[in-house]
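The figures that follow rest on heavy atoms only: side chains count, while hydrogens, waters and symmetry mates do not. Everything numeric in this text was worked out from a predicted model, so none of it was measured. Note on naming: letters A, B, ... go to the chains in the order of the sequence lines (proteins, then strands), and numbering restarts at 1 for each one.
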Amino acid sequence: MPFGLVKFGLRKAYPARHQFTPANTKLKKRYDVVIIGAGGHGTSIAYNLAKYHGVTNVAVLDKGYIGGGNTARNTAVIRSNYLTEESVAFYRESLNLYRNLSNELGFNVMTENRGQLTLAHNDAAIRNFRWRAEVNQHLGIRSELVDLQTIQEIAADLNLSEEVRYPIIGGLWHADGATARHDAVAWGFAKGACERGVEIHQLTEAQDIEVRDGKVIAIRTNRGRIECGCAVQAVAGSSSTVAMQANIRLPIHTFPLQAMVTQPYKPSLFPHISSPQLHVYTHQTSRGEFVIGGGSDPYPLYNTRATLEQKESLASAIVELFPHLAQAKVLRQWAGITDMTPDYSPIMGLSPVRNYFLDAGWGTWGFKATPICGKSMAELIATGHVPEIIRPFELERFYRFRQVNEAGATAASH
Amino acid sequence: MKLLNCPLNGPRNIAEFSYGGELHTMPNPTMCDSREWAEYVFFDRNEAGVVTEWWMHNASAYWFLAERNTITDEVVRTFPASEMFTERVDSINADKA
Ligand SMILES: Cc1cc2nc3c(=O)[nH]c(=O)nc-3n(C[C@H](O)[C@H](O)[C@H](O)COP(=O)(O)OP(=O)(O)OC[C@H]3O[C@@H](n4cnc5c(N)ncnc54)[C@H](O)[C@@H]3O)c2cc1C
């Protein structure tokens, strides 16, 4: 109705208030906390600092735009069926927070409890799944070994034929598995943070970190120098280069990770399906597209280019699982740069520089951790105490050879 | 298809090769402390720029070095390891050093 539109245009509520800090806002001389990186993690830390610790003199800096890094590029899988007790406890908490996140933020992040099925094509995988199911159940999450009949009930279109390269012989069913709208997670946290006084400065790059007497004192940016009481980096693929500005070396390698979506179809697949052996996983989004992802690129690179080889490998694997997708057109394809650690676990907590905190090493699995990571990191920054739930993930573990080995449970399953 | 120029086999599809990590010097394993050893094993520079790294041609199990730009993915140069190493480096030789 054009008339209704005119009426709306004349109302006081229009134009709507900025949800985020307006673009021309000047940087202050000093902030209590500077957060480098305005992805899901950076904005979640800011939100938790402001809402639960009353720390609002906070600036979040991003060299690009809010949620434009891996937060914009991930395939949104949320699960907690990891292998080690430390990881299961951590990701379980994140899943709990995701269930209520739309209410918490007053912003629809579209959390969908789909369930996740990981496929076994050989006996070694079955052994690994039994082990994971035991650990998972012990820690109170829904995770069980399933046979072919149950698999057929979970995903009727899945190709269970033996006339393929790697026939499916069983699976690990994780009823708690879910997805959420990835961009909305960053927007929701960012909006909630800005409402409480946090400033988010986009197109503002951290270029150097000033350390005096072993303590961080200021961040130099393309828009000038800002002093800070403390600082935290949450920059995913750029973790090593930003940490180097403070002379900190990290056990991280930056690898591209690619994904793609097909044209939309009528709803036919609800759960998320993953095959570590075929290096592929998929689910059908609420728009009807099949989102398809897989393993990392074979060598490190700081570049979000995509390759035909990777697309071919994803396509050949997915048509083995879902033959009807052979006719599908690929609508979009992209890559993100991921910060991979040797044990496939994150690095959270203290750094060798006082008052400088790390939120890094999220590789191909960090979206699902966004709420709990923000909550725990905010607690650390506000109180100075490392919360128990993130203690196993400290940087020091590599010096003590106490890795949290998730290689088996993470590769190609996110 | 991206090509990598193998010093032994000439230009081949990069899919025929394995990435072998950054070139860095091993501390003497019998003399160094465990922190130094941990840094050697886990901590790399992971630089954005031209980096010297190990590569192997899988079919011929031939190891060599490459200078590659990790931002543009351009390979500046590949060369045999003998350009840098005149003798075998292992814990025995490191011991003597
Ligand atoms: C294709 C793909 C699929 C994935 N699938 C999943 C999945 O299914 N499930 C899952 O849990 N995880 C998944 N991940 C991983 C997940 O996306 C990341 O771990 C997570 O989004 C990291 O969030 P972040 O906020 O730490 O980083 P990002 O969202 O990358 O944010 C970092 C921000 O830092 C900014 N920045 C960098 N350098 C500077 C600087 N010098 N100064 C200022 N700002 C800077 C960047 O511009 C960026 O906006 C996937 C990743 C990719 C690429």
Side-chain angles (χ1 to χ4, degrees), chain A residues 63 205 207 235-245 247-256 296-313 335 337-345 347 351-352 358 360-361 363 395-405, chain B residues 1-6 11-27 29 32-59 61-78:
Chain A
K63 67 174 179 184
E205 181 177 16
Q207 295 178 329
V235 293
S238 304
S239 292
S240 299
T241 51
V242 171
M244 261 331 250
Q245 296 175 8
N247 255 320
I248 301 167
R249 258 170 79 184
L250 298 176
I252 284 178
H253 290 104
T254 297
F255 283 83
S296 302
D297 270 31
Y299 57 87
L301 192 66
Y302 283 91
N303 195 321
T304 52
R305 64 93 177 93
T307 62
L308 185 59
E309 282 86 352
Q310 192 67 10
K311 298 292 126 69
E312 272 184 323
S313 131
I337 52 168
T338 62
D339 37 338
M340 302 294 288
T341 55
D343 58 359
Y344 286 73
S345 284
I347 298 168
S351 82
L358 300 169
L395 176 64
E396 264 295 305
R397 76 178 183 271
F398 291 97
Y399 289 107
R400 293 205 218 104
F401 299 87
R402 290 280 306 262
Q403 298 96 299
V404 184
N405 185 9
Chain B
M1 178 170 74
K2 190 176 171 65
L3 294 177
L4 190 62
N5 193 14
C6 174
R12 310 287 306 174
N13 185 344
I14 199 163
E16 292 183 16
F17 297 85
S18 292
Y19 169 77
E22 291 168 24
L23 172 72
H24 52 186
T25 24
M26 183 172 73
C32 72
D33 63 22
S34 73
R35 285 189 84 81
E36 254 180 282
W37 188 249
E39 286 199 346
Y40 167 67
V41 174
F42 299 121
F43 291 64
D44 275 336
R45 299 189 65 82
N46 191 29
E47 257 170 307
V50 177
V51 172
T52 308
E53 49 196 26
W54 288 102
W55 283 82
M56 181 186 68
H57 184 248
N58 299 328
Y62 174 72
W63 284 94
F64 59 96
L65 291 157
E67 284 168 13
R68 185 175 65 94
N69 186 321
T70 59
I71 303 172
T72 61
D73 204 17
E74 274 166 305
V75 180
V76 182
R77 157 176 115 94
T78 54

Relative to chain A, which segment of B:E53 carries a heavy atom at a distance below 4.5 Å: side chain, backbone, both, or neither?
neither

Bottom line for A:L250: the part with an atom under 4.5 Å from chain B's heavy atoms is backbone

Identify the residue among B:D44, B:T70, B:N46 that makes a side-chain hydrogen bond (donor to acceptor under 3.5 Å, both in side chains) with A:H253.
B:D44

Measure A:R305 against the heavy atoms of chain B and call it side chain, backbone, both or neither at under 4.5 Å.
side chain

Can you tell me which portion of B:R45 sits under 4.5 Å from chain A's heavy atoms? Options are side chain, backbone, both or neither.
both

List the steps and the verdict of salt bridge (Lys or Arg N to Asp or Glu O under 4.0 Å) for B:R35 and A:E396.
CA-CA 10 Å; B:R35 285 189 84 81; A:E396 264 295 305; 3.0 Å; yes

Looking at B:F43, does the NZ or CZ of A:R249 lie under 6.0 angstrom from its six-membered ring centre and within 45 degrees of the ring axis?
no

Side chains of B:H24 and B:Y40: closer than 4.5 Å at any heavy-atom pair?
yes

Bottom line for B:T72: the part with an atom under 4.5 Å from chain A's heavy atoms is backbone

Engaged part of A:P342 at the chain B interface, taking heavy atoms whose separation is under 4.5 Å:
side chain

Using non-hydrogen atoms and a 4.5 Å limit, figure out which bit of A:T241 sits close to chain B: side chain, backbone, both or neither.
side chain

Please confirm whether B:Y19 and B:W54 have ring centers closer than 6.0 angstrom.
no

Is there a side chain to side chain donor-acceptor pair (under 3.5 Å) between B:E47 and A:Y302 once you walk through the steps?
CA-CA 9 Å; B:E47 257 170 307; A:Y302 283 91; over 6 Å; no

